[in-house]
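Heads up: the structure comes next, in structure tokens.
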Amino acid sequence: MTTTEGGTVQHRDAPWWTDATVYQIYPRSFADGNGDGVGDLAGIRQRLGHLADLGVDVIWLSPIYRSPQADNGYDISDYDDIDPLFGTLDEFDALMGEVHALGMKLVMDLVVNHTSDEHAWFEQARSSRDDPKRDWYIWRDPLPVGPDGRGEGTDAAGTPGAGTFPTAWRSAFSGPAWTLDEATGQYYLHMFASKQPDLNWENPALRQAVYDMMNRWLDRGVDGFRMDVINHIAKDPASLEPGARGFVMGGRIHDHLREMHRYVFASRTDRELITVGEMPGVTVDDAALFTAQDRHELDMVFQFEHVGLDHGPSSKFDNRPFDLVALKRSLGRWQDGLADAGWNSLYLGNHDQPRSLSRFGDDGAHRYESATMLAAVLHLHRGTPYVYQGDEIGMTNAGFTSIEQYRDIESINWYAEEVEAGADPEVLLESLRFRSRDNARTPVQWSGGDAAGFSTGTPWIEVVANHHAVNVEADRASSDRSVFDWYRRLIALRHESPVVAHGRFEMLAPDDDRLYAFTRTLGDEQLLVLANWSGEPYELDPALHPVLRRRSVPEVVLGNVPHGIGSLTLAPWEVRVLRA
Ligand code: TEU
């Protein structure tokens with residue numbers, strides 16, 4: 001499939017996904033085909049034309065498997081069936097057929113760090129300590145209580161010596177990461193909700209069951225997997241000892257991924273498949289190992305560094321101001337770090353992040369300029385870009401004002417825990433307004449009509465108030481300010497110009513706190529990207545690049561502010577892509 005020199009993807013026979021663009025669908029919020037207020041497969045089928053017009057190559061579906069929806073599908077109770085909320089297996093096959101007929105690929109979400117506690121595997125495992133499926137999950141005895149009644153472990157609040165919890169770990173959704181199963185008298189581990197018990201990947205039978213499941217979906221015609229918190233699966237026992245710091249990226253992670261590749265992907269050399277691993281906490285060096293083509297682990301990873309830069313020390317809800325220099329330093333390091341080995345995935349938003357336009361840009365007066373600037377800067381980096389549903393029309397954060405409007409388990413649990421601890425609800429709501437995952441989970445705004453054209457029923461989560469102005473119909477009707485059209489042109493450019501997919505990346509002016517500038521070079525072809533990441537005009541310094549000192553006006557490949565082309569002044573949020 002690919003030739004590599006020392007893991008580097010050579011332009012000539014690079015993998016198909018190096019010039020592909022992926023579109024992420026969050027099924028609950030994309031399009032509702034049966035009017036029950038929740039998005040579904042029928043709704044997606046009705047809107048495939050939108051994606052074909054956009055020109056994307058791959059559709060990634062967040063989970064649609066049978067699930068009690070405690071974490072909106074990331075809690076799976078049956079990997080081999082579609083949740084009736086979304087449709088049926090027949091509808092899924094019809095959707096996949098239509099996607100393939102339009103020349104696109106379909107990628108499923110693989111959630112195998114944990115299952116739902118309503119999965120048959122867990123129901124069996126908790127039935128008795130001797131059940132053969134017991135070891136498919138992670139159990140620990142309560143730590144002993146001393147004669148003074150003090151436990152050797154922590155309590156639910158994490159207070160050392162106050163309880164019997166095996167370790168002091170916290171769930172990502174607040175509270176302890178262990179829950180006591182009264183019936184069998186042991187704690188089970190769940191890094192997320194208590195309804196999401198973690199699987200024990202040290203158990204070979206469990207691993208085989210997962211590989212068999214993946215093979216069933218690939219045999220059905222699916223084109224790959226986005227793998228949920230896949231670097232959390234390797235929990236070597238030592239990391240589970242009381243007081244252990246945690247276990248992200250446990251020692252056997254590379255063994256597991258290579259074994260998975262052997263059992264699932266290695267024999268499918270006739271298929272164009274794609275794998276991307278979601279990896280909170282992964283470093284550049286780790287990623288170079290995970291994504292080096294000759295190691296047969298993953299094609300790319302989702303790293304979290306750039307989406308954590310505005311997190312304060314106490315939690316992700318402790319919001320810090322955006323810092324462009326810090327962002328450039330981080331993305332620049334990932335570009336350089338994977339320049340010769342491995343491959344980057346490129347994203348600014350997804351179903352776990354606030355809307356990138358509201359977070360990194362100006363979602364008010366300069367909404368069009370910001371949305372198009374952010375897209376150009378992201379898509380012209382070296383790597384595979386991901387478009388999150390709604391970003392292609394410049395959707396914004398939700399602007400919710402009361403806790404009743406929220407649906408996300410992480411946000412609701414955090415708010416409850418903080419209120420319990422005496423925090424001011426207004427302050428908490430301010431944090432949620434900026435950070436909650438629900439900001440990205442409001443219904444896609446297809447029109448200015450009722451429920452933004454998302455549903456004929458009452459949406460499961462409120463539509464953003466600005467949908468009268470911000471919607472697909474209005475955006476695509478615009479002749480010169482269509483964010484959709486801009487994305488379409490960016491995606492086409494990646495298909496047409498190898499310099500976009502394969503050109504060497506070089507950051508310019510790294511310490512400038514308002515300009516994001518870089519070049520992409522392939523042979524004697526070079527693109528210069530100049531982006532004013534601020535609401536004020538920006539004076540370009542001709543010293544930045546020879547093309548700015550040339551008399552002749554350089555060829556403009558893309559520009560979101562047409563009137564300024566010849567000048568050395570960038571308008572607020574202006575991006576200019578020049579052929580250098
Ligand atoms: O997300 C993992 C993850 O890192 C985020 O949940 C993050 O921890 C969270 O937003 C806290 O900031 C994946 C899925 O993308 C997410 O939707 C699921 O909730 C989670 O795993 C559990 O499956």
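This one's a predicted model, so the numbers in the text were calculated from it and none came from an experiment. Numbering of ligands and ligand atoms starts at 1, following listing order. The chain is numbered in sequence order, starting from 1.
Taken from CD in E418 to OG in S431, the straight-line distance is 8.5 Å, to the nearest 0.5 Å.
Pairs passing the salt bridge (Lys or Arg N to Asp or Glu O under 4.0 Å) check and including a residue from residues 345-354, sequence neighbours excluded, read D352-R437, D352-R441.
No hydrogens or angles considered: a donor-acceptor pair under 3.5 Å links the side chains of R28 and Q69. No side-chain donor-acceptor contact under 3.5 Å links W343 and T18.
Remark: side-chain polar atoms of N200 are paired, donor with acceptor, to backbone N or O of D135 under 3.5 angstrom.
Y187 and F165 have tilted rings, their planes meeting at an angle from 30° to 60° on a 0 to 90° scale.
A distance limit of 4.0 angstrom between heavy atoms and ligand 1 selects the residues D71, Y74, H114, F173, F192, Q196, R226, D228, V229, E278, P280, F304, K316, H351, D352, E410, R437, R441.
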